[in-house]
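Worksheet for the structure shown next.
Numbered from 1 within each chain, the chains take letters A, B, ... in sequence-line order.
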2 protein chains.
Amino acid sequence: MTTVISKATLQRLPIYLNYLKSMADAPEYISATTLANALRLGEVQVRKDLACISDAGKPKVGYMTKDLVAVLEDYLGNDVNDAVIVGVGHLGKALMAYKGFEEYGFKIVAGFDLDPALIGKEVAGKKVFGVEKMENLIRRLGIKIGIITLPKECAQETADKLIAAGIRAIWNFSPAYIIVPDNVAVKNENMASSLAVLSKQLKELLLSEK
Amino acid sequence: MTTVISKATLQRLPIYLNYLKSMADAPEYISATTLANALRLGEVQVRKDLACISDAGKPKVGYMTKDLVAVLEDYLGNDVNDAVIVGVGHLGKALMAYKGFEEYGFKIVAGFDLDPALIGKEVAGKKVFGVEKMENLIRRLGIKIGIITLPKECAQETADKLIAAGIRAIWNFSPAYIIVPDNVAVKNENMASSLAVLSKQLKELLLSEK
DNA sequence: CCCGTATCGATAATTTCGTATCGATATTGT
DNA sequence: ACAATATCGATACGAAATTATCGATACGGG
């Protein structure tokens, strides 16, 4: 365990956790085989992923479910990060209301927007501020993660402001491709990329039946 | 060109297209080097990706921008797929209003929801129907793609209904992991996976400066 | 009590993906 | 016209990820 965890594995860990927690009738033990079948993954792959964070697998029975959940939660959420969101449109509101981030050590503490109709309101219990308060508030609270849910025109400009205020990781949902300095992490969430994969799969499915 | 296109490449193609189209002052020609620098990718990687779909690169000058856009659009959107969306909450509305899907051969034609206050209304010019109309409408229009933006409780059940109605590709934004038959494509969009990667990057960044 | 089987962990093989290198070619400057 | 250079496409190499294989171990059934 506690070896170097590859990016690919890291992306699967939340999926295991999510699946385990969503099981209504969780058995006491669960095997890699069972998990693999349920999630459409390779049996060996699951075992290898789990080996990174757990060493409690037993032949013939599998892993104790509650232990597995515990180590996954521990690994994924071991330090809670506060985050702010810029752009309280539909997507921004959806993310602010998304239950489940906090399970992964992630907490949205405030939103920012230009719209006076939104400022001062609350969304999912989180207050919405005017963007002019943004830099000050981020700096004061020492927040490191910023989420951008804005039209692409203002995305880069906002990213620059966030970075100037001390943000070190940006999750960008705008269609714009954001460029940041090397000492800032960025994840450009591109809907079209996911879609391209799905669309290709569909095409192949339909073709294979002709 | 027209070789087998890997999944990794396929995911980058929309990014190239998006970048090229978003350039305000697009030059007549653009080189792989320029693209690579702008998108923080390897120069050779970009060239290799583009080689899959284009053969119009010229030494010293690069690719003719409008040709590149044309082949990318052609490849990514060569068959327009109609799609429906189930769950017209914040996220559903955000996707319905998302400009940019149609550039990738993808068109949301209707939404479905349970809320009587929404039924009959329009979101971004698309009508919202009651879920009881869902199966009929999908079958009648021969729609193949369904997007699920519902709470996790109803996700699997809805997926089953969609499939029964003839849907062959599901884009699932609910936190639930959806299981489908082999002849249906599914993409479980897991926010937590993206987040895990970003969060780890941030942690490493902060650690490396200590 | 022993044998068959499901499962684990580890190692090895294969595949996929990314990167480096090299000759070829078009443009620019002299 | 010719040399210098940026870029392309192709090939070869290396790294990463997935998949296959194997011995070891725990449980259940004769």
Classify the angle between the aromatic ring planes of B:F129 and B:F112 as parallel (below 30°), tilted (30 to 60°) or perpendicular (above 60°). tilted
Is it true that a side-chain atom of [X] and a backbone atom of [Y] form a donor plus acceptor pair closer than 3.5 Å?
X	Y	result
B:T65	B:E28	yes
B:S54	B:L50	no
A:T149	A:V86	yes
A:N188	A:Y177	no
B:S193	A:Q11	yes

DNA chain D contacts among residues 185-197 of chain B, heavy-atom distance under 4.0 Å: none
Starting at [atom1] of [X] and ending at [atom2] of [N], how long is that distance when rounded to a whole Å?
X	N	atom1	atom2	value
B:Y63	C:dT25	OH	C1'	14 Å
B:Y29	C:dT28	OH	C1'	16 Å
A:E43	C:dT7	CD	C1'	8 Å
B:I5	C:dT16	CD1	P	15 Å

Scan nucleotides 17-30 of chain D nucleotide by nucleotide, 5' to 3', and note B when protein non-hydrogen atoms come under 4.0 Å of the base, S if they reach only the sugar-phosphate, - if neither. SBBB----BBB---
Under the side-chain hydrogen bond (donor to acceptor under 3.5 Å, both in side chains) rule, what do B:Q156 and B:D160 come out as? Steps first, then yes or no, please. CA-CA 6 Å; B:Q156 181 67 56; B:D160 296 342; 3.1 Å; yes
Within 45° of the six-membered ring axis of B:Y104 and under 6.0 Å from that ring's centre, is NZ or CZ of B:K21 located there? no
